[in-house]
Amino acid sequence: MLQALTTTAVLERIGTALSDPTRVRILIALRDSPSYPSHLAELLGVSRQSLSNHLSCLRGCGLVVSVPEGRRSRYELVDPRLGHALTELLSIVLAVDPAHHSPAVDTV
């Protein structure tokens, strides 16, 4: 029973991370390569404060890590397999029959 709870908790964390469009965009950007907060904020067109909040959430979910580099910190996915999983999820979603789309997805 404990294993099922652990698995559920892990998937809930991933769901939390993917429930916000900005966090999804951060994960996609980090899938391509590690990056610095200032670059991510500029790339995504969000304030540094907003980006910091989203990165904090992603760290708390266990999906990204901060790697100190002198006075700066670089962010990257916690595991390269996460990047592969994101790619797989994208390929599944993109393969869905357009006639069976979710209106909620269209508004994101």
Side-chain angles (χ1 to χ4, degrees):
M1 184 70 171
L2 183 58
Q3 181 63 30
L5 293 175
T6 302
T7 301
T8 301
V10 169
L11 291 177
E12 287 173 2
R13 285 181 176 197
I14 292 169
T16 296
L18 296 178
S19 69
D20 181 88
T22 300
R23 288 194 295 270
V24 171
R25 293 172 59 212
I26 292 168
L27 290 170
I28 296 300
L30 295 178
R31 175 190 65 159
D32 296 334
S33 66
S35 191
Y36 299 96
S38 59
H39 179 258
L40 286 168
E42 183 178 327
L43 176 70
L44 302 177
V46 298
S47 71
R48 289 186 184 192
Q49 181 61 47
S50 174
L51 185 83
S52 176
N53 292 338
H54 287 297
L55 287 172
S56 178
C57 177
L58 292 171
R59 279 193 319 270
C61 289
L63 301 180
V64 302
V65 293
S66 172
V67 179
E69 286 188 346
R71 296 173 60 178
R72 299 175 72 188
S73 290
R74 182 186 76 233
Y75 281 82
E76 58 188 47
L77 298 178
V78 70
D79 187 310
R81 293 178 294 178
L82 179 56
H84 299 300
L86 290 168
T87 298
E88 289 299 315
L89 283 171
L90 284 168
S91 69
I92 291 167
V93 172
L94 293 175
V96 172
D97 182 354
H100 295 93
H101 70 279
S102 167
V105 172
D106 293 339
T107 61
V108 173

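All figures in this text were calculated on a predicted structure; none of them were measured in a lab.
The hydrophobic cluster containing Leu89 does not contain Val78, counting ILVMFWY residues as joined when their side-chain heavy atoms lie under 4.5 angstrom apart, directly or transitively. Linking Ile, Leu, Val, Met, Phe, Trp and Tyr residues whenever their side-chain heavy atoms come within less than 4.5 Å places Leu90 and Leu77 in a single cluster. Note: the hydrophobic cluster containing Val65 does not contain Ile14 (ILVMFWY, side chain heavy atoms under 4.5 Å, direct or indirect links). Two different hydrophobic clusters hold Leu55 and Val67 under the rule that ILVMFWY side chains link at heavy-atom gaps under 4.5 Å.
No side-chain heavy atom of Leu82 sits under 4.5 Å from any side-chain heavy atom of Leu30. Taking the side chain as every heavy atom from C-beta outward, Ile28 and Arg31 approach each other to under 4.5 Å. Side chains of Val24 and Leu86 form no contact here, defined as non-hydrogen atoms less than 4.5 Å apart. Contact check for Arg48 versus Pro37: no side-chain heavy atoms found under the 4.5 Å cut-off.
We find the CG-CD1 distance between Leu40 and Ile26 to be 6.5 Å, quoted to the nearest 0.5 Å. Distance check: Thr22 OG1 to His54 NE2 gives 4.0 Å after rounding to the nearest 0.5 Å. From Ser47, atom OG reaches atom CG of Asn53 across 7.5 Å, with rounding to the nearest 0.5 Å.
Between the Arg25 side chain and the Leu44 main chain, a donor and an acceptor come within less than 3.5 Å of each other.
Applying the side chain to side chain donor-acceptor pair (under 3.5 Å) test to pairs two or more places apart or on separate chains, those with a residue in residues 11-21 are Ser19-Arg23.
For the residue pair Ser66/Arg59, the side-chain donor-acceptor check at 3.5 Å is not satisfied.
A search for salt bridge (Lys or Arg N to Asp or Glu O under 4.0 Å) contacts involving Asp79 returns Arg81, not counting sequence neighbours.
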